[in-house]
Amino acid sequence: MNNYSEKFEKMKVAGKLAANCLDMVTEYIKPGLSTNKIDQLCYEFIRDNGGYSAPLYYRGFEKSLCTSLNYVICHGIPSERELEENDILNIDVTAIVDGYYGDTSRMFSVGEISIKAKNLIDATYESLMSAIKILGPGVKLGDIGNEIQSFVETKGFSVVRDFCGHGISNKFHEPPNVLHYGKKNTGLELQPGMTFTIEPMINSGKYDAKVLKDGWTAVTKDKSLSAQFEHTVGITENGYEIFTESVKGYRKPPYNK
Ligand code: MF3
Ligand code: CO
Ligand code: CO
């Protein structure tokens with residue numbers, strides 16, 4: 001036992017619910033499904049399993065999760081837009097259970113997608129996992145950013161600068177900011193008990209972002225594709241734990257193989 005084990009236990013419950021929600025919705029992802037339907041399915045799943053969807057009414061956000069399609073970087077608002085063949089989609093779910101938060105997102109592909117889109121999704125996933133693998137006490141935030149940035153830039157992709165990961169526990173967003181770019185051996189040093197998200201947003205073109213007039217939807221300025229994966233993690237005495245891993249083993253699309 002240690003002074004953060006209760007926090008970790010609660011965050012594991014919230015994280016597992018968020019991950020289970022993404023597992024649940026996976027089989028529904030097909031052409032013709034509206035992003036509002038995704039919102040409804042996930043809202044009901046989280047409610048029926050003892051949680052609450054954190055984005056709902058968060059700072060005026062009016063849906064229970066974010067659905068970010070194609071050139072949307074993050075914070076896409078569910079709507080009547082139906083999924084179409086060739087779309088790439090991020091679904092970002094945050095569940096609150098017993099006051100603690102679990103925040104996770106995955107990419108989904110709809111039907112056949114381009115090789116370029118597939119490569120972007122794969123690189124984004126691998127960049128998140130390669131950053132997670134180095135986590136532990138003594139590692140610095142700059143090491144995380146450097147790991148992600150160097151990985152994706154080698155592949156010709158770019159790291160979005162305007163949004164970052166964040167501390168999370170019994171608040172949705174708290175310090176520190178977890179940047180997805182940076183220099184080795186710089187920034188805050190990780191310590192056991194810290195809990196935060198890593199959620200790289202990677203563009204196939206330039207990293208520049210802009211927010212649409214709805215005040216939420218962040219898109220690539222050059223209309224290039226963008227991908228994102230997110231896990232909530234905790235730092236332990238000798239490494240890390242991932243709180244939002246898929247029970248079904250869904251890591252990156254395609255999920256049917
Ligand atoms: N889940 C997002 C994150 O990873 C935050 C969404 S806030 C919302 O931090 F209001 F846009 F839903
Ligand atoms: Co987050
Ligand atoms: Co999120």
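Fair warning: this is a prediction, and the values are worked out from it, not measured in the lab. All values below come from the heavy atoms of this structure, side chains included, with hydrogens, waters and symmetry mates left out. Just follow the structure's listing: the first ligand is 1, and inside any ligand the first atom is 1.
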Margin query: Taking 4.0 angstrom as the limit and counting only heavy atoms of Glu230, give me the atoms of ligand 1 inside it, by number and element.
Written below: 4 (O)

Notebook entry, point to check: Do any pairs count as a ring pair (Phe, Tyr, Trp, His ring centres under 6.0 Å) and have a residue in residues 93-129, sequence neighbours left out, and if so which ones?
Noted result: Tyr101-Phe172, Phe108-Tyr255, Tyr125-Phe229

Next item on the list: Calculate, to the nearest 0.5 Å, the distance between atoms CG and CZ belonging to Leu22 and Phe45 respectively.
Entry: 9.5 Å

Notebook entry, point to check: Would you say Tyr28 and Ile38 make side-chain contact, with heavy atoms under 4.5 Å?
Noted result: no

Check: What atoms of ligand 1 come closer than 4.0 angstrom to any heavy atom of Pro55?
Finding: 12 (F)

Item checked: Contact partition for Lys63 relative to ligand 1, non-hydrogen atoms under 4.0 Å -> neither

Check: Do the charged groups of Lys221 and Asp162 touch, with an N to O distance under 4.0 Å?
Finding: no

Next item on the list: Can you establish whether the number of heavy atoms outside Lys16 located under 6.0 Å from its atom NZ is more than 12?
Entry: no

Checklist line | Protein contact of atom 3 (C) of ligand 1 - nearest heavy atom, named by residue and atom, plus distance | finding: Asp103 OD2, 3.4 Å

Note to self: Distance under 4.0 Å to a non-hydrogen atom of Phe172: what atoms of ligand 1 satisfy this?
What the structure shows: 1 (N), 5 (C)

Check: With no hydrogens and no angle check, do the side chains of Ser105 and Asp92 hold a donor and an acceptor under 3.5 Å apart?
Finding: no

Notebook entry, point to check: Looking only at side chains, do His166 and Glu199 share a donor and an acceptor under 3.5 Å apart?
Noted result: yes

Margin query: Would you say Lys63 and Asn36 are linked by a side-chain donor-acceptor pair, where the criterion is simply a distance under 3.5 Å?
Written below: yes

Check: How are the rings of His75 and Trp216 set to each other: parallel, tilted or perpendicular (split at 30° and 60°)?
Finding: perpendicular

Checklist line | Distance-only side-chain donor-acceptor flag, Asp23 / Ser246, under 3.5 Å | finding: yes

Next item on the list: Among all protein heavy atoms, pick the one closest to atom 2 (C) of ligand 1 and tell me residue, atom and distance.
Entry: Asp92 OD2, 3.3 Å

Notebook entry, point to check: Is Arg251 atom CZ crowded by more than 12 heavy atoms from other residues, nucleotides or ligands, each under 6.0 Å away?
Noted result: no

Notebook entry, point to check: Any non-hydrogen atom of Thr94 lying under 4.0 Å from ligand 1?
Noted result: yes

Check: Considering only heavy atoms, does Cys74 approach ligand 1 within less than 4.0 Å through its side chain, its backbone, both, or neither?
Finding: neither

Next item on the list: Please state whether the separation between the Co ion (ligand 2) and some N/O/S atom of His173 is under 2.8 Å?
Entry: no

Notebook entry, point to check: How long is the gap from SG on Cys66 to CD1 on Ile77, to the nearest 0.5 Å?
Noted result: 8.0 Å

Item checked: Numbering as shown, the atoms of ligand 1 that approach His166 to under 4.0 Å (heavy-atom distance) -> 3 (C), 4 (O), 9 (O)

Next item on the list: For ligand 1, note which part of Arg59 has a heavy atom under 4.0 Å away: side chain, backbone, both or neither.
Entry: neither

Notebook entry, point to check: Which residues and atoms, counting only protein N, O or S, are under 2.8 Å from the Co ion (ligand 3)?
Noted result: Asp92 OD1, Asp92 OD2, Asp103 OD1, Glu230 OE1

Next item on the list: Starting from atom 9 (O) of ligand 1, locate the nearest protein heavy atom and write down its residue, its atom name and how far away it is, to 0.1 Å.
Entry: His173 NE2, 2.7 Å

Notebook entry, point to check: In terms of atom number and element, which parts of ligand 1 are under 4.0 angstrom from non-hydrogen atoms of Glu199?
Noted result: 3 (C), 4 (O), 9 (O)

Next item on the list: Using the salt bridge (charged side-chain N to carboxylate O under 4.0 Å, His left out) rule, pick out the option among Lys10, Lys7, Lys12 that qualifies with Asp98.
Entry: Lys10

Notebook entry, point to check: What residue and heavy atom of the protein are closest to atom 11 (F) of ligand 1, and at what distance?
Noted result: Trp216 CZ3, 3.3 Å

